[in-house]
Amino acid sequence: MGDPVGFKKYNRKTIPRRKSTKRIEDWKEIYTSWSLKESHEQSSRCMDCGIPFCNNGCPLGNLIPEFNDLVSEGNWEEAIVRLHSTNNFPEFTGRICPAPCEAACTLSINSEPVTIEMIEKTITDTAWENGWIKPEKPKFRTNKNIAIVGSGPAGLAAAQQLNRAGHYVTVFERNEVIGGLLSIGIPEFKLEKKIVNRRIDQMKKEGIKFQVNTDVGIDIKPSDLIKKYDAICLAGGSTVPRDLDIKGREYKGIHFAMDYLSQQNSILRGDKLIDKRINAEGKNVVIIGGGDTGADCLGTSIRQNAKNIIQIEILPRPPIERNEDNPWPNWPMVFKSSSAHEEGGERDYNILTKNFISDSKNNVKKLECVRVEWIKESNKKIMKEIPNSNFAIEAELVLIAMGFTNPQHEGLLNDLKLNYDNRGNVKANKKMQSNIDKIFTCGDMHRGQSLVVHAIASGRKCARNIDVFLEGKSSLPSVQEYIRPI
Ligand SMILES: Cc1cc2nc3c(=O)[nH]c(=O)nc-3n(C[C@H](O)[C@H](O)[C@H](O)COP(=O)(O)OP(=O)(O)OC[C@H]3O[C@@H](n4cnc5c(N)ncnc54)[C@H](O)[C@@H]3O)c2cc1C
């Protein structure tokens with residue numbers, strides 16, 4: 001431990017974000033950086049407490065006290081080794097993870113937690129800058145072939161682990177870009193795509209093959225896949241968006257968040273647009289859904305110079321502090337703001353959208369809404385409309401950011417005759433094996449819509465299970481069972 005009383009000497013300090021009025025003029029990363037002194041001080045706030053709850057709070061089981069200790073000593077090179085021992089892509093989680101580790105940090109019982117996520121980001125950025133992250137080619141090959149379907153964080157983590165175990169790995173991606181939601185969904189200002197591409201380059205140099213523009217199930221017959229590969233890992237994500245089936249849904253100007261966000265990412269890549277441009281410029285924008293995807297739409301609409309933006313949510317606004325039934329170290333169900341909320345727009349809660357109104361040309365013009373309240377009835381919260389609380393919100397662009405229900409069943413999954421769980425995700429046993437012997441699954445396709453950190457953890461775990469399936473044993477590290485869902 002660098003300083004046994006560091007937590008008493010230094011206050012929590014995160015990496016400063018660029019000024020919000022300035023950063024909305026571009027799409028670049030919102031963060032600046034820490035000085036060496038600040039990194040050392042912040043890491044020395046880690047108390048090295050007897051039972052590191054942070055380590056258990058992290059779905060990857062990151063060795064947090066150990067890397068904090070190494071950073072406080074200035075041993076950055078060893079810190080990245082420690083970080084990589086549990087996490088293939090700490091430069092992603094160091095930027096966009098909601099940091100359940102920090103929620104579980106012992107310091108946060110009565111003070112502010114260690115800035116674990118920003119320390120993780122700094123370790124990884126330092127390692128890339130110094131050329132310490134290099135391709136790690138396997139020392140031997142097993143001659144087993146594995147197909148990974150989907151190149152999101154789950155598929156990428158599984159691919160890197162399995163390749164390092166010596167198997168030949170091909171990742172199939174139906175999109176023209178690799179990275180899943182890291183590349184096509186999450187906005188550039190949260191995760192610059194050069195950061196994703198740098199990691200993919202490393203993976204290519206390690207020997208992993210990527211086949212883009214290949215929709216498995218259409219471009220490759222499921223039966224051919226089963227014939228050709230020794231094991232298959234399905235990591236296709238949760239892609240069916242939750243819709244709002246109300247009057248006027250078909251009007252022009254109403255879009256799913258992912259159609260909007262993926263188009264902006266595509267514009268920034270310099271691609272030629274196939275679909276009509278969805279542009280918030282000069283418009284009144286309403287975002288339906290109070291979550292992170294909604295916040296990403298907000299930051300994107302701000303950068304596109306929208307006239308006015310409101311993000312609405314059907315649920316009540318969460319409390320500022322933890323409720324009694326939500327104690328540490330559980331994930332705090334409290335009011336949170338993302339970087340986009342610092343930049344502009346409004347948020348409103350307890351709002352139910354009843355229907356859309358259009359102009360004579362079928363362009364959306366308004367949302368008709370009503371305020372609701374949530375009443376506890378026999379241990380369940382029931383939504384009730386408040387009488388005479390109807391109101392309208394003007395909108396020329398409506399973005400539906402209500403999450404995803406399940407992976408796409410039509411095509412590959414149905415053709416393979418896979419079983420689903422009661423939420424429509426691909427069902428698998430504890431070894432992440434589906435009802436078909438050599439087909440495994442991980443990430444959002446198996447768990448349902450979740451987080452990048454869970455996707456990486458799931459990909460790593462699936463890789464180990466596949467390795468054991470093929471070789472009877474595995475030297476790949478196991479991933480701890482994550483016990484607290486968030
Ligand atoms: C807008 C948005 C913002 C988000 N922001 C955050 C955030 O800030 N922090 C966070 O932790 N999480 C965030 N998430 C959630 C996170 O991105 C996902 O949980 C994570 O990407 C899931 O990883 P995955 O690998 O399981 O699937 P995905 O990332 O969805 O990747 C699946 C890939 O499989 C491909 N695919 C599917 N079917 C086939 C097929 N038949 N053939 C070939 N390819 C196929 C898809 O094209 C896709 O590229 C966000 C999600 C969204 C939508």
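Position 1 is the first residue of the sequence; numbering continues from there. All values below were derived from every heavy atom in this structure, side-chain atoms included, with hydrogens, water molecules and symmetry-related copies excluded. Counting convention: from 1, in listed order, for ligands and their atoms alike.
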For Phe172, atoms of ligand 1 separated by under 4.0 Å from a heavy atom: 43 (C), 44 (N)

Atom NZ of Lys336 with >12 non-hydrogen neighbours under 6.0 angstrom: yes

Steps toward side-chain contact (heavy atoms from CB on, under 4.5 Å) verdict (Ile133, Arg199): CA-CA 9 Å; Ile133 302 179; Arg199 190 55 90 163; 3.8 Å; yes

Note: Arg95-Glu192 ion pair, threshold 4.0 Å (strictly below): no

Ligand 1 versus Val149: contacting region, heavy-atom distance under 4.0 Å: side chain

Glu120: which of Ile64, Thr115, Ile80, Asn87 passes side-chain contact (heavy atoms from CB on, under 4.5 Å): Asn87

Atom CD1 of Ile274 with >12 non-hydrogen neighbours under 6.0 angstrom: no

Closest to atom 51 (C) of ligand 1 among Leu181, Val212, Leu261 (heavy-atom distance): Leu181

Residue Glu250 excluded, over 12 heavy atoms near CD under 6.0 Å: yes

Protein residue, atom and distance nearest to atom 18 (C) of ligand 1, heavy-atom basis: Asp444 OD2, 3.3 Å

Ligand 1 atoms in contact with Ile186 (distance to a heavy atom under 4.0 Å): 3 (C), 4 (C), 5 (N), 6 (C), 17 (O)

Geometric class of the Phe172/Tyr229 ring pair [parallel <30°, tilted 30-60°, perpendicular >60°]: perpendicular

Any Ile226 side-chain heavy atom under 4.5 Å of Ile439 side chain: yes

Protein heavy-atom partner closest to atom 53 (C) of ligand 1 - residue, atom, separation in Å: Phe404 CE1, 3.7 Å

Mode of Gln408 contact toward ligand 1 - side chain, backbone, both, neither (heavy atoms, under 4.0 Å): neither

Residue portion contacting ligand 1 (non-hydrogen atoms closer than 4.0 Å) for Leu182: neither

Side chain, backbone, both or neither: Ala235 near ligand 1, heavy atoms under 4.0 Å: backbone

Atoms of ligand 1 close to Gly443 [distance to a heavy atom under 4.0 angstrom, numbered from 1]: 26 (O)

Ligand-residue contact atoms, ligand 1 with Thr214, heavy atoms, under 4.0 Å: 42 (N), 43 (C)

Which residue and heavy atom of the protein sit nearest atom 47 (O) of ligand 1, plus the separation: Glu173 OE2, 2.6 Å

Criterion salt bridge (Lys or Arg N to Asp or Glu O under 4.0 Å) against Glu29, the qualifying member of Lys193, Lys190, Lys121: Lys121

Contact atoms of ligand 1, heavy-atom distance to Leu451 under 4.0 Å: 10 (C), 11 (O), 12 (N), 19 (O)

Closest protein heavy atom to atom 37 (C) of ligand 1, given as residue, atom name and distance to 0.1 Å: Gly236 O, 3.2 Å

Test: Glu313 and Arg347 ion pair at under 4.0 Å: no

Distance from atom 16 (C) of ligand 1 to nearest protein heavy atom, with residue and atom: Val452 CG2, 3.8 Å

Part of Pro153 with heavy atoms under 4.0 Å of ligand 1, whether side chain, backbone, both or neither: both

For atom 2 (C) of ligand 1, closest protein heavy-atom neighbour: Thr293 OG1, 3.6 Å

